[in-house]
2 protein chains.
Amino acid sequence: MVRPTMEDVAARAGVSRALVSLVMRGSPKVSDQRRNAVLKAAEELGYSPHAMARSLASRTSHVLGVMVSDLHNAFFAEVVDGLDAVAAEQGFDLIINTGGRSPARERRAVQSLLSFRPAGLALLSPVVPSAAIKSAADQTSVVLVARSSRLSTVDTVNDDGERGIGLAVDHLVSLGHTRIAHLDGGEGTQSAPRRRGYLAAMEAHGLTPRVVASEYTDAAGAKAVQALLNDGEMPTALVCCNDFNAIGAISALEEAGYRVPHDVSVVGYDNTSLAALRHVSLTTIDQPRNEFGRLAAEALLQRVRGERTEPVRHLLHPSLVVRNTTATPGGPR
Amino acid sequence: MVRPTMEDVAARAGVSRALVSLVMRGSPKVSDQRRNAVLKAAEELGYSPHAMARSLASRTSHVLGVMVSDLHNAFFAEVVDGLDAVAAEQGFDLIINTGGRSPARERRAVQSLLSFRPAGLALLSPVVPSAAIKSAADQTSVVLVARSSRLSTVDTVNDDGERGIGLAVDHLVSLGHTRIAHLDGGEGTQSAPRRRGYLAAMEAHGLTPRVVASEYTDAAGAKAVQALLNDGEMPTALVCCNDFNAIGAISALEEAGYRVPHDVSVVGYDNTSLAALRHVSLTTIDQPRNEFGRLAAEALLQRVRGERTEPVRHLLHPSLVVRNTTATPGGPR
DNA sequence: TCTATTGGTTGGAGCGCTCTAATGCTGTAG
DNA sequence: CTACAGCATTAGAGCGCTCCAACCAATAGA
């Protein structure tokens, strides 16, 4: 378990430690003969370079830190895929961490990532206060994904939630719906733009909006439908704040004897893997998650390379994914 | 962006670097006066210790590496929660990484984790060949979660899949079912014990087993039901290899006009968050995922502390979660 | 022939920290 | 008044690596 060092490899290959260092970094200015000797010795000893010693000595880092606020949410898995693809392309490694949506734990997670002195830090939908983000940004380049910020030192990558909900409303209107309600995300991070988008789209179509208070869970979606039922008149279409909420809404509708989409159309938001299940087959709004990750990584790497110091604000276009929970009012023709 | 070092803090506090080091490590042998001066200086400078320099100098590590084979699967999120809880308790940090279920990428991920010289390494359901695991185990303590191994140098944490499926069969039999089929996981990691468990349980009850080839996806579950339909006689209950498979099976059953659980009962495996959705409400087998993580972390820390060198093999008891997809044959009374 | 030039190679300093051994400084006992 | 604990504090070496400047052929140009 005691691992060989460069010195050991150098001794075995009969060269200096500096030469081994050059070989390990793939320098061209090494004769083939020596290179092979070094590689052979390294192989025989099972040597692999010590990342920390390397970055300590070079005063540079080839590591990007990623704080995922919620590992349970597959949304972030795809963002990480995008980050990883770009990072790997450019010779960077990712180290990931999670805050479990608890500010305290998240703060610890960010501290822990910073203690590795990463070249950059991606915070995926962080819940820590803005001050904590600022202090991290004083120490390294920071990009925020799925959270906006006015800090001039951080980059951000978000989807255009206003536009996304607009797509949902347009789709329903084009099917002939006029009584379209919105199940609102309440305090959730992205619920404000989504609500704005709903109101704007309804107004643009000359329709009367109806916002029902709800939350980002399936239980909340079901509860909101109960409220709608008690209220009397059921709309012919529901635009939900996210997929979980939509699924809850659908099950409550079905329990109450409504058929989806025959009697009521339902649209979700996020295009989670859930929505694609044939048993669910939810019409929803897709966010380009992989692209989020790619752009976040690129933003970080641009700063690392010193190509840019101005903050960048990416606002990506969501898209509509039509499945089987929307139809013309009165049922599919 | 140029960060202060211990030297800077020492100068500001008017003490030596060694004393700052003692304060940072919470040593008791520092006078309160100096301690406060140091903490104040550190605070003012925004100093935080450099994890790599620290572990380089101390030749020890307070980091556990975690390789998650698939970040998209929420199963692992809970395992990570367990790992994190125990690690944090004992002053260890987690660094996570993912292999995206690709052996090549996974290998890179493990290499990257090893380059940080972690105190231990947890591999969650790795797909790399056993040789790669062995070579990692030569370099640090390794624990495998949701993958078994005969390597004498690694610990393992698994659920007893045989017993889990047994619980499902027992449950169905107690409801009065006799024609119970198993949708098999094919090449999947845990499908062999699950199949064995099914066969053993059926035999124990004196029933005729029926294994249908399938896979760990909802599409495969639906396809297996199609095969069953073409085959003629539909069983009254289905024990599926996992939750996704079960959901696919359910939707295919419903499309074919069967009611679940009225005509056919369905049991999943894994108790994913999916299963708990009211729209799905799937009877399934729960694995103690959080416990997986806790035990994995403890196994690692035992080795780190040198308390144990013999490998440990944890085989945890799964449990049955009854929801709304199982009932007496012919429908709930 | 002598000086540049080039390409391969090396020693040594130093990155930010920890750890050991040694230092200075009380206070108490002999 | 010396001796010796016992404690807080510090200097210095060293962790595994990178980087710089220096070095040493071997070749090219004058």
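Below, chains carry the letters A, B, ... as their sequence lines are ordered, and counting in each starts from 1.
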Under 4.0 Å from OP1 or OP2 of D:dT18: is there any side-chain N or O of A:S21 that close? yes

Quick one: which of A:Q302, A:R313, A:R303 gives a side chain to side chain donor-acceptor pair (under 3.5 Å) with A:D155? A:R303

Check if the side chain of A:R17 and the base of D:dT18 share a donor-acceptor pair of N or O atoms closer than 3.5 Å. yes

Atom-pair distance (CZ on B:R54; C1' on D:dG16), nearest Å: 18 Å

Taking the nucleotide of DNA chain D with the nearest heavy atom to each, does A:T60 or B:P28 sit closer to the 5' end? B:P28

Closest nucleotide of DNA chain D for B:V30 versus for A:S58: which of these residues is on the 5' side? B:V30

Distance-only polar pair, side chains of A:S125 and A:R147, donor-acceptor under 3.5 Å: no

Using whole Å, what does the distance between atom P of nucleotide C:dG14 and atom CG of B:L56 come to? 17 Å

Taking the side chain of B:T5 as heavy atoms from C-beta outward, which of D:dC19, C:dG16, D:dA8 is closest to it? C:dG16

Over how many whole Å does the gap from A:R59 atom CZ to D:dC19 atom C1' extend? 8 Å

Can you tell me how far P of D:dC20 sits from CG of A:L19, to the nearest Å? 17 Å

Given atom CZ of B:R35 and atom P of D:dC7, what is their separation to the nearest angstrom? 16 Å

Please say whether more than 12 non-hydrogen atoms of neighbouring residues, nucleotides or ligands are located less than 6.0 Å from CZ in B:R150. no

Counting only side-chain N and O atoms of A:R34, is one of them less than 4.0 Å from OP1 or OP2 of C:dG8? no

Among D:dT18, D:dG16, D:dT10, the one nearest any side-chain atom of B:S16 is D:dT10

Round to the nearest Å and state the distance from A:M6 atom CE to C:dG14 atom C1'. 16 Å

Decide, yes or no, whether a salt bridge links A:E44 with A:K40 under the criterion of side-chain N to carboxylate O below 4.0 Å. yes

Would you say B:R25 places a side-chain N or O within less than 4.0 Å of OP1 or OP2 belonging to C:dC19? yes

Which nucleotide, C:dT9, D:dT9, D:dC17, lies nearest any side-chain atom of A:S31? C:dT9

Give the nucleotide from the list C:dG11, C:dG14, D:dT9 with an atom nearest to the side chain of A:A57. C:dG14

How about CD on B:E307, more than 12 heavy atoms from neighbouring residues, nucleotides or ligands closer than 6.0 Å, or not? yes

Quick one: B:M24 CE to C:dC17 P, roughly how many Å, whole number? 9 Å

Between C:dG7 (P) and A:L22 (CG): distance, integer Å: 15 Å

